[in-house]
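Report on the structure given below.
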Amino acid sequence: MSFHHQEIEKKWQNYWEEKKTFKTDTYSEKEKFYALDMFPYPSGAGLHVGHPLSYTATDILSRMKRMQGYEVLHPMGWDSFGLPAEQYAIDTGNSPKDFTLSNIATFKRQMKEIGFSYDWDREISTMDPKYYKWTQWIFKKLYEKGLAYVDEVAVNWCPALNTVLANEEVIDGKSERGGHPVYRKPMRQWVLKITAYADRLLEDLEELDWPENLKDMQRNWIGKSEGAEVRFSIDGHDKHFDVFTTRPDTLFGATYAVFAPEHPYVKEIVTEAQKSAVEDYLHKVETKSDLERTDLAKDKTGVFTGAYAINPVNNEKMPIWIADYVLMSYGTGAIMAVPGHDERDYEFATKFELPIVEVVSGGDLSAEAYVGDGEHVNSEFLNGLHNEEAISKMIDWLEKNNVGKKQITYRLRDWLFSRQRYWGEPIPIIHWEDGTMTTVPDEELPLELPEMEEIKPSGTGESPLANSDWVNVIDPKTGMKGRRETNTMPQWAGSCWYFLRYIDPDNPDQLADPEALKKWLPVDIYIGGAEHAVLHLLYARFWHKFLYDIDVVPTKEPFMKLFNQGMILGEGNEKMSKSKGNVVNPDDIISSHGADTLRLYEMFMGPLEASVAWSTNGLDGARRFLDRVWRLFISEEGALSGKIIEEENKAMDKVYNETVKKVTEDFETLQFNTAISQMMVFVNEGNKQEKLPKDYMEGFVKLLSPVAPHLAEELWEKLGHEDTITYEPWPAYDETKLVEDEIEIAVQIMGKVRAKIHAAKDATKEDLEEQALANEKIKEQIEGKTVRKVIVVPGKLVNIVAN
RNA sequence: GCCGGUGUGGCGGAAUUGGCAGACGCGUGGGACUCAAAAUCCCAUGUCCUUUGCGGGACGUGUCGGUUCGACCCCGACCACCGGUACCA
């Protein structure tokens, strides 16, 4: 007989809900454990089988920690602002709010049906004004501290759609919807000064228990590089420009300079003779999208301005060129070109027949640029030095002569924070008719989104909010007219701090009680997809550091330990997608196999970080295991099995204690697949036994309960308990039961196993050697050979070197 | 191109970090139970060679080489796939 999952699961889900089993006591005396999931965007498609992968992992940890005596915070919420709802509203005329609310209801029902142990009293939603009040409050603080500013930034403007598009909505320079052309257009935008935190974001990565590859991605994104800024004067002009270089040691090899096409000096320095050539080139570059520009990059292009810079180190004249391989957005938008020792400059110089000078020996400049280390030549006071010394000597020289200095540059740019959208947090700013700008006073927060009859693009590039009366304000004191900011915040905003609000979700007076934050931060384990490795995690760290600086949060970093789960692929090893028709719906699995099976299977598929294809056979196997567990405990008649008795059975000692040890350790380190396989080993052994000690069987149910909580609760009840298993103490193991008195020792000859001998667990080296050499098989094998050496690893093996 | 990761049976994956490769699950084959089937239980299952049989042997962790008594594990070179990034001066 097998168990009725539909009945059992409903029963315990109702029990948990009624008794509020998973309610967290914010101010508990117990030690805390904060297990966080990346909250989902509630799409119309409902939960995907990928969601329960990480959610089950954190749920298992949460359930184990509760049993280990921790106060566990394990919350869930909704990243509920977002593009699809707005697009849906534009397409159908329906409200994005109602649409999102109904999606949330579906997600929540599905999560409850999987049996996640969330404290639903802490549910939050980024679109809830009670929540975004504090998102707006944080923005105001950033603004007050000078970290939010307005700038002209080029955006993707699509005239045919009358709107601004996000990068992911632009494909090959055309709009994703309709395939209309998209242009770069500068618009007034809000920007957050994340670059002010670049160094701290980089340095503090060191202390985090995150996967190394993910830290690397953040390091690369921040892209710190050390070098020097060098000042060049322009021949015949009372002007100078700075360049950034990581190789100031090669300054003697700089034979020309290059400006980005957008560099402000270009129009001023260009000579009459070169004017039309330069204008042609600028025009050519302007009409190209970013994508075409990178395509173009395979072949370098550029044009001479006619002007010359003076190399400060040797007063040589260097022609100034314009080329789009120099980016206005990095460094100073101008470079000194050292074709002998930079691949890009080499390629450019070769194409336009500019001089190439060797200043570091070791390469063959007739073939390629040499970027390696070597003795400097043709460099006066640097001659004979290697790169490192030459760099610092040159920086000294630059500083002494007042033409440059040591400089650090980052790849990281400030964060474009405004979206021309309706469905997002309004930015709490008012622009007054006298040209001033103020923030919305705290007592007027939250500044709520107006209900709108119809959401459609304004046509001016502003958000649909510009169509509403909501934008117009009059100062009640002065009568001055003003206009509200029509830009809204990006989806990232709400997710930058949601884990703080879970700690104190209903607080009307502050973001969260500082005492509570002190208890619960940092998050102990945060699991989510690798797609958020850079942006979400970097933005959240930035806000957290800012909140730390203004004394709102007590820790420098939000997430101590982070883990990226893998992806679940379709049965054909392809990404699941509607168009391929290989999407597995969790609802179907819950109904056919049960939530416990779904949880068990997803955890058993492979390591949490791996991407593995869904397998219906594997799913059946998971269910089969749970059935075997059931039959081990429950007789045909539905009563507790007669084999389970209050008596010892020495034959179970080892496997039980091993199982407790391995499951406990593996859960802790997120190796759920091997923990489950150990539980299978226990059940296989149990099936061979006539007597099953009740202690052990209860311990096993506890070990299983985080993975298959419904089944475990049911078995726990059948074992004669009235209360939930949730807070029963986690089993302990007895180290002494793990070792057997007599163990098997492998005997190798030249590293190959030839025989096995039995020996006492603490047999000495000499004993083992003697026993091994006395073995019949071994005697045969070494017959006629000389034993050169015998290596003995006590408790493991004996290796005989003989030839 | 650069950075990071991975590579083990028919499949998903184990292997205490240098010590018996293939745990556990799936699949497959055989058997038991059954009138029969499903379910369940038991046995076998890396490849090749050898033996009537018991058994025995060789090879084997992407490829080639190295270190070591001993290598999936360490070192060097290469190949393939996955992720990130894109002229970052």
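We name chains A, B, ... by the order of the sequence lines, and we start the count at 1 in each one.
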Less than 3.5 Å between a donor and an acceptor, one on the side chain of A/Asn799 and one on the base of B/C69, is that the case here? yes
| query | A/Arg624 side chain N/O closer than 4.0 Å to the phosphate oxygens (OP1, OP2) of B/G27? | reply | yes
Check: Counting just side-chain N and O atoms, does A/Arg631 come under 4.0 Å of either OP1 or OP2 of B/C41?
Finding: yes
N or O in side chain of A/Asn687 less than 4.0 angstrom from B/C42 OP1/OP2:
no
Out of B/C26, B/C87, B/G25, minimum distance to the side chain of A/Leu327 belongs to B/C87
With B for base contact, S for sugar-phosphate-only contact and - for none (protein heavy atoms under 4.0 Å), nucleotides 1-6 of chain B reads --SS--
One should report the stems of RNA chain B, each a stretch of at least three consecutive Watson-Crick or G-U pairs at distances under 3.5 Å, as B:1-7 with B:79-85, B:10-12 with B:24-26, B:27-32 with B:40-45, B:46-50 with B:55-59, B:62-66 with B:74-78
Distance check, P atoms only: B/G19 and B/U28, in whole angstrom units.
36 Å
Comparing nearest nucleotides in RNA chain B, the 5'-proximal residue of the pair A/Val753, A/Ala610 is A/Ala610
Q | Phosphate OP1/OP2 of B/C87: any A/Arg411 side-chain N/O under 4.0 Å | A | no
Under a 4.0 Å heavy-atom cutoff, the residues of residues 669-678 of chain A touching RNA chain B are A/Asn673, A/Thr674, A/Ser677
Which of A/Leu619, A/Leu711, A/Asp627 passes side chain to side chain contact (heavy atoms under 4.5 Å, CB included) with A/Thr597? It is A/Leu619
* Could you measure between the two P atoms, the one in B/U51 and the one in B/A44, and give it in whole Å? => 25 Å
